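Here the structure is a predicted model, which means the values were calculated and not measured. So that the names make sense, note that chain A is the first sequence line, chain B the second, and so on, each numbered from 1.
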Amino acid sequence: MNPSMLRLLNRAQSLKSLKYIHARVLIDVSLASSDLVLNMFLRLYERFGSIQYAHKLFDQIPQPNAFLWTALIHAYVGNRSYLEALYLLSEMWEDSVLPSNFTLASVRKSLARLERVRDGKTVYGLGFKCGFCSDLIVQNAVIDLFMRCGEVDLARRVFDGMEEKDLVSWNSMISGYGHNGRANLARKLFDGMLDRNAISWTSLVQGYFKAGDIKEAKMLFDRMTTKDLASWNVMVSGFLDVGDVDSAQSVFEAMPASRCWDVELDDFRVL
DNA sequence: CTAGGGTTAG
């Protein structure tokens with residue numbers, strides 16, 4: 001794929017211009033049927049929210065590989081079509097295309113949102129049989145899924161068994177413990193971390209709110225040097241959740257103006 | 001060539 005084509009694709013600002021580029025690419029059959037190019041178009045159709053076109057394109061591919069299946073599944077998950085995404089995974093399996101670690105990671109959100117722990121265990125059990133039992137991407141997905149389904153101990157077992165962990169592994173545990181009301185366990189992991197980021201801190205603060213330990217939440221927030229928009233929002237909504245409107249108000253007012261601008265810019269972008 | 005953790009979910 002030549003660089004000018006890449007430049008053209010990344011300049012596509014709308015579904016309309018993307019379709020136009022696609023039409024031009026279709027003239028060259030060898031180019032249009034390259035897995036790389038197909039994958040790019042699937043991802044771009046997803047970016048512009050056109051699952052229909054992504055699926056239409058996918059249906060014309062004679063033997064889609066795991067990359068292309070993953071792109072389509074990812075598009076459906078992004079579109080919050082969780083059941084459809086799971087269905088695609090089973091179709092993929094029936095077509096004897098083995099999932100990649102990224103396929104399994106893509107389907108995680110579907111399983112979590114539908115609270116399909118049992119199916120999750122089946123899916124990741126198969127994934128392990130495909131050789132992904134010590135794959136960081138898959139293990140992180142499993143941890144997150146288990147935590148979101150309340151399977152705290154199972155998540156911990158996976159975490160403890162990992163040869164290599166990254167920030168996402170640690171933060172998923174901290175966030176997961178927090179959501180399950182286990183702020184103390186989250187804190188233990190947090191204290192043992194070598195490097196933390198804003199997500200580690202914010203997740204723990206949120207965990208303390210969830211556990212009803214407002215004092216500790218506030219103390220931690222004050223110690224935080226890496227506050228970002230989400231950190232401030234967790235504080236505001238944390239106070240609101242316990243009915244402390246005054247504290248919520250003062251946190252809101254203490255928020256740097258630059259953060260407020262972030263919010264407004266985001267909102268304007270939607271309009 | 002791909003994914004993922006904290007706000008925010010009805």
**Student:** Under the criterion side chain to side chain contact (heavy atoms under 4.5 Å, CB included), which of A:Val138, A:Asp135, A:Leu145, A:Ile137 is the partner of A:Leu104?
**Tutor:**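 So the option named by the test is A:Val138.
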**Student:** Under a 4.0 Å threshold between the charged nitrogen and the carboxylate oxygen, would A:Glu151 count as salt-bridged to A:Lys121?
**Tutor:**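 Here A:Lys121 pairs with A:Glu151 in a salt bridge, since their nearest N and O are under 4.0 Å apart.
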**Student:** What's the gap between B:dT2 and B:dG6 when it is taken at their C1' atoms, as a whole Å value?
**Tutor:**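 Between the two C1' atoms, the distance is 23 Å.
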**Student:** What is the distance from CG of A:Asn39 to C1' of B:dT2, rounded to the nearest Å?
**Tutor:**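 After rounding, the gap between these two atoms is 6 Å.
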**Student:** Between the side chain of A:Ser90 and the main-chain N/O of A:Tyr87, is any donor-acceptor distance below 3.5 Å?
**Tutor:**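 Side chain of A:Ser90 to backbone of A:Tyr87: a pair is present.
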**Student:** Any base atoms under 4.0 Å from A:Asn197, or only sugar-phosphate, or nothing? Heavy atoms, all strands.
**Tutor:**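 Base: the residue A:Asn197, judged by heavy atoms under 4.0 Å, touches a nucleobase.
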**Student:** Could you check which of B:dT8, B:dA3, B:dC1 has an atom nearest any side-chain atom of A:Ser106?
**Tutor:**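 From the listed options, B:dA3 comes nearest.
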**Student:** Give one of base, sugar-phosphate or nothing for A:Thr70, where a contact means two heavy atoms less than 4.0 Å apart.
**Tutor:**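 Base, at least one base heavy atom under 4.0 Å.
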**Student:** Starting at atom CZ of A:Phe239, determine the distance to atom C1' of B:dT7, rounded to an integer number of angstrom.
**Tutor:**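 Rounding to the nearest Å, CZ of A:Phe239 and C1' of B:dT7 are 16 Å apart.
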**Student:** Roughly how many Å is it from CG in A:Asp241 to P in B:dT7, rounded to a whole number?
**Tutor:**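 Value for this atom pair: 12 Å.
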**Student:** Expressed as a whole number of angstroms, how long is the span from A:Met235:CE to B:dT8:P?
**Tutor:**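 Nearest whole value for this atom pair: 13 Å.
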**Student:** Counting heavy atoms from C-beta on, name the nucleotide in B:dT2, B:dT8, B:dG6 closest to the side chain of A:Ser231.
**Tutor:**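 The nucleotide sitting nearest to the side chain is B:dG6.
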**Student:** Salt bridge between A:Arg187 and A:Asp191, side-chain N to carboxylate O under 4.0 Å?
**Tutor:**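 A salt bridge links A:Arg187 with A:Asp191.
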**Student:** What is the distance from CD of A:Gln206 to C1' of B:dG6, rounded to the nearest Å?
**Tutor:**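 Spelled out: CD on A:Gln206 to C1' on B:dG6 is 6 Å.
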**Student:** Could you tell me the separation between the CD1 atom of A:Ile143 and the C1' atom of B:dG4, rounded to a whole number of Å?
**Tutor:**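 Taking CD1 of A:Ile143 and C1' of B:dG4, I get 11 Å after rounding.
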**Student:** Where the side chain of A:Thr202 is defined as all heavy atoms beyond and including C-beta, which of B:dC1, B:dG4, B:dG6 is the nearest nucleotide?
**Tutor:**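 For A:Thr202, the side-chain atoms sit closest to B:dG6.
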**Student:** Heavy atoms only, 4.0 Å cut-off, all strands: where does A:Arg148 land among base, sugar-phosphate and nothing?
**Tutor:**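 Sugar-phosphate only.
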**Student:** Rounded to the Å, how far apart are A:Leu111 CG and B:dA3 C1'?
**Tutor:**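 That distance rounds to 15 Å.
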**Student:** Measure from the side chain of A:Ser175, starting at C-beta and using heavy atoms only, and say which of B:dA3, B:dT8, B:dG6 lies closest.
**Tutor:**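 So the nucleotide nearest the side chain must be B:dG6.
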**Student:** Pick the nucleotide of DNA chain B nearest each of A:Thr103 and A:Ala198; which residue has the one closer to the 5' end?
**Tutor:**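 Per heavy-atom nearest nucleotide, the more 5' residue is A:Thr103.
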**Student:** Please work out if A:Ser200 contacts a base, only the sugar-phosphate, or nothing of the nucleic acid, heavy-atom cut-off 4.0 Å.
**Tutor:**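 Nothing, no heavy atom under 4.0 Å.
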**Student:** Which is true for A:Leu167 with a 4.0 Å heavy-atom rule: it touches a base, it touches only sugar-phosphate, or it touches nothing?
**Tutor:**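 Touches a base.
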**Student:** I need the CD1-P distance between A:Ile137 and B:dG4, as an integer number of Å.
**Tutor:**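 Result: 10 Å.
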**Student:** Using the closest heavy atom to pick a nucleotide of DNA chain B for each, name whichever of A:Lys109 or A:Arg80 lands nearer the 5' end.
**Tutor:**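 Nearer the 5' end of the strand: A:Lys109.
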**Student:** Taking the six-membered ring for Trp and the full ring for Phe, Tyr or His, determine whether the centres of A:Phe190 and A:Trp170 are under 6.0 Å apart.
**Tutor:**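 Ring centres of A:Trp170 and A:Phe190 not closer than 6.0 Å.
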**Student:** Ignoring hydrogens and angles, does a donor from either the side chain of A:Asn233 or the base of B:dG6 sit under 3.5 Å from an acceptor on the other?
**Tutor:**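 Under the 3.5 Å cut-off, the side chain and the base do not form any donor-acceptor pair.
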**Student:** Let's test your reading of the model: under 3.5 Å, does the base of B:dG6 pair with the side chain of A:Ser203 as donor and acceptor?
**Tutor:**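 Donor-acceptor pair under 3.5 Å: no.
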**Student:** How about A:Ser106 and A:Thr70: does a side-chain donor come under 3.5 Å of a side-chain acceptor?
**Tutor:**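 No, no side-chain donor-acceptor contact under 3.5 Å.
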**Student:** Side chain of A:Ala230: nearest nucleotide among B:dT7, B:dA3, B:dC1?
**Tutor:**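 Side chain of A:Ala230 sits closest to B:dT7.
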**Student:** Taking only the side-chain nitrogens and oxygens of A:Arg43, find out if one of them lies under 4.0 Å from OP1 or OP2 of B:dA3.
**Tutor:**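 Yes, A:Arg43 has a side-chain N/O under 4.0 Å of OP1/OP2 on B:dA3.
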**Student:** Counting heavy atoms from C-beta on, name the nucleotide in B:dT2, B:dT7, B:dG4 closest to the side chain of A:Arg108.
**Tutor:**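 Nearest to the side-chain atoms of A:Arg108, counting from C-beta on, is B:dG4.
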